[in-house]
Number of protein chains: 2
Amino acid sequence: MTTDKRLIEAAAKLLDAGGEEAVTLRAVGHAAGVSHNAPYKHFANRSALLAAVAAVSFADLAQAMATIRRSRRTPTKKLMATLNLFMDYSREHPARYRLLFNNPETAAAGGELKIKALETFEHFRSIVQECQETNNLPSAPIGTLASLIFATVHGLLAIEGNGQLHPEKGLSSVEASMEILLGLLAPSKA
Amino acid sequence: MTTDKRLIEAAAKLLDAGGEEAVTLRAVGHAAGVSHNAPYKHFANRSALLAAVAAVSFADLAQAMATIRRSRRTPTKKLMATLNLFMDYSREHPARYRLLFNNPETAAAGGELKIKALETFEHFRSIVQECQETNNLPSAPIGTLASLIFATVHGLLAIEGNGQLHPEKGLSSVEASMEILLGLLAPSKA
DNA sequence: ACCTGAACACCGTTCAAGT
DNA sequence: ACCTGAACACCGTTCAAGT
């Protein structure tokens with residue numbers, strides 16, 4: 001495997017294991033078997049390395065979503081599967097999830113990263129559209145509806161990760177909240 | 001003003017102006033007119049100082065929400081005003097907003113910070129409840145409904161802050177998305 | 001009780017070399 | 001072309017004093 005791939009992989013592993021602060025160039029270099037400043041021969045700086053991690057992570061998500069999209073399932077089931085994908089990702093890789101969806105630097109980035117991110121949203125949007133076409137979601141503008149549903153899972157996951165979702169206090173789980181949302185959004189079958 | 005208040009204020013100002021990375025203890029100390037390690041006489045460490053900033057910020061938000069809650073407005077208008085409060089806060093103090101609602105350390109914290117955070121949610125929940133009672137929101141469990149609506153603004157604002165809300169690409173603004181959500185949630189006046 | 005200056009370990013980044 | 005080791009500036013944190 002080429003050095004740059006190994007650096008990205010090492011950075012991702014450190015990120016998952018210890019959060020963003022654990023991703024030091026020294027640790028990344030060491031984990032990849034090179035010196036602490038070899039990364040600079042492959043990436044402009046630490047941010048660029050993290051951006052590369054984000055890009056491959058978006059690509060992974062996009063691929064998983066493409067598989068769901070192609071599968072033989074009802075649109076509603078596809079949407080559920082996609083939402084579950086996000087939930088699992090957020091819970092198994094919280095720091096990575098934050099890097100993808102909650103990081104000012106990721107926001108500012110363009111190039112490869114931006115393209116991969118847009119691909120991910122495009123899959124999501126398409127699945128939401130299928131649900132609309134089968135009359136399982138209201139006929140609001142597709143972009144608005146898709147961003148609304150995505151933002152809701154995202155927001156719920158953020159709050160959950162922040163420990164501000166308190167099932168014991170009457171607040172509900174991400175799953176339950178999403179079910180309620182989709183239930184309320186579903187057009188009454190008149 | 002006491003030194004600890006001045007330290008919190010200086011930290012908040014630096015946070016708003018330059019993001020979390022700009023909040024170095026050296027800069028905070030300097031801005032407050034003390035040495036770079038005087039903060040340690042008032043706070044256990046940098047995290048504790050940021051937690052104090054979060055606590056006063058939550059208190060400010062809670063107070064603004066209490067005012068809205070007490071005002072002579074329809075429940076729906078109160079809810080709108082509260083949502084606008086979050087939107088303004090996120091746009092005017094993005095780094096601070098992230099500290100409050102998107103920070104693993106804030107999550108782990110207890111004490112004063114946790115209490116202030118819960119107070120904020122309590123106001124929000126109460127306003128949502130008013131909307132339910134006047135039949136402007138469906139009769140889902142209050143905790144679930146409140147967290148759902150809050151998570152949605154929060155998620156939309158996170159995406160907006162991340163530059164992933166693209167009005168030009170058919171995705172919509174936070175305001176428009178929230179209006180659609182509340183419109184769809186509103187029980188049909190039968 | 002509250003503050004300061006020196007010191008330490010760690011980090012991102014740069015630079016001059018090495019193959 | 002790719003990598004390394006030394007060096008620099010900066011940071012959080014600790015410690016021994018100072019009033």
Side-chain angles (χ1 to χ4, degrees), chain A residues 1-56 95-96 98-99 103-109 111-113, chain B residues 1-56 95-96 98-99 103-109 111-113:
Chain A
M1 190 163 42
T2 56
T3 303
D4 49 345
K5 302 265 179 210
R6 263 186 299 129
L7 288 169
I8 292 175
E9 201 167 275
K13 201 165 287 183
L14 286 164
L15 180 63
D16 289 341
E20 198 187 308
E21 67 186 21
V23 187
T24 70
L25 292 183
R26 279 161 166 88
V28 171
H30 183 74
V34 292
S35 78
H36 71 281
N37 49 16
Y40 284 97
K41 310 304 163 181
H42 302 270
F43 304 96
N45 49 35
R46 181 177 180 273
S47 293
L49 174 57
L50 284 174
V53 172
V56 309
R96 198 127 131 208
R98 276 171 51 81
L99 174 66
N103 192 298
E105 305 243 14
T106 302
E112 189 69 6
L113 175 49
Chain B
M1 190 164 41
T2 55
T3 303
D4 49 345
K5 301 264 180 212
R6 263 186 299 130
L7 288 169
I8 293 174
E9 201 168 276
K13 202 165 285 182
L14 285 163
L15 181 63
D16 288 341
E20 197 186 308
E21 66 185 22
V23 187
T24 71
L25 292 183
R26 279 160 166 90
V28 171
H30 183 75
V34 292
S35 78
H36 72 282
N37 49 15
Y40 283 96
K41 310 304 163 182
H42 303 271
F43 304 95
N45 50 34
R46 181 178 181 271
S47 294
L49 174 56
L50 284 173
V53 172
V56 310
R96 198 127 131 210
R98 276 171 52 79
L99 173 67
N103 193 298
E105 305 242 14
T106 302
E112 188 71 5
L113 175 49

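Every chain is numbered from 1 and lettered A, B, ... according to where its sequence line falls, protein lines coming before strand lines.
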Side-chain N,O (B:Thr3) to OP1/OP2 (C:dC3) below 4.0 Å: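 Affirmative; the distance criterion is met.
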
Taking all heavy atoms of [X] and all of [Y], pick out the closest pair and write down the distance.
X	Y	answer
A:Leu113	A:Ala55	CD1-N, 3.7 Å
A:Ala52	A:Ile8	CB-CD1, 3.7 Å
B:Ala27	B:Ala22	CB-O, 4.1 Å
A:Gly19	A:Ala95	CA-CB, 3.8 Å

Between [atom2] on [N] and [atom1] on [X], what's the gap in Å once rounded to a whole number?
X	N	atom1	atom2	answer
A:Leu49	C:dG12	CG	P	10 Å
A:Asp4	D:dA1	CG	P	16 Å
B:Phe43	D:dT13	CZ	P	13 Å

Partner of A:Val53 by side-chain contact (heavy atoms from CB on, under 4.5 Å), out of A:Leu15, A:Leu7, A:Val23: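 Only one of A:Leu15, A:Leu7, A:Val23 forms a side-chain contact (heavy atoms from CB on, under 4.5 Å) with A:Val53, namely A:Leu15.
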
Pairs where residues 9-25 of chain A contributes a residue and the test side chain to side chain donor-acceptor pair (under 3.5 Å) is met, not counting sequence neighbours: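 Pairs touching residues 9-25 of chain A that pass the test: A:Asp16-A:His93, A:Asp16-A:Arg96, A:Glu20-A:Asn103.
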
Atom [atom1] in [X], atom [atom2] in [Y]: separation rounded to 0.5 Å?
X	Y	atom1	atom2	value
B:His30	B:Ser35	NE2	OG	12.0 Å
B:Leu25	B:Asn37	CG	CG	9.0 Å
A:His42	A:Thr3	NE2	OG1	4.5 Å

Residue closer to the 5' end of DNA chain C, A:Arg46 versus B:Ala38 (nearest nucleotide):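 Looking at the nearest nucleotide for each, B:Ala38 comes out on the 5' side.
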
Strand contacts (DNA chain C) in residues 17-35 of chain A, 4.0 angstrom heavy-atom criterion: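 DNA chain C contact set from residues 17-35 of chain A: A:Val23, A:Thr24, A:Leu25, A:Arg26.
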
Residues within residues 6-16 of chain A bordering DNA chain C, heavy-atom distance below 4.0 Å: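 Contacting residues: none.
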
Nucleotide nearest A:Asn45 when distance is taken to its side chain, options D:dC3, C:dT13, C:dC3: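 Nearest listed nucleotide: C:dT13.
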
5'-to-3' dot-bracket of DNA chain D (Watson-Crick, G-U; under 3.5 angstrom; crossing pairs as [ ]; | other strand): ||.|||||...|||||.||

Test side chain to side chain contact (heavy atoms under 4.5 Å, CB included) applied to B:Asp4 and B:Phe43, step by step: CA-CA 8 Å; B:Asp4 49 345; B:Phe43 304 95; 4.1 Å; yes

Residues that A:Arg98 engages under salt bridge (Lys or Arg N to Asp or Glu O under 4.0 Å), provided they are two or more places apart: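 Testing A:Arg98 for salt bridge (Lys or Arg N to Asp or Glu O under 4.0 Å), a comparison that skips the adjacent residues, returns none.
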
Do any N or O atoms of the protein come closer than 3.5 Å to N or O atoms of nucleotides 14-18 of chain C, and which pairs are they?
| residue | atom | partner | partner atom | Å |
| --- | --- | --- | --- | --- |
| C:dT14 | O4 | A:Asn37 | ND2 | 2.7 |

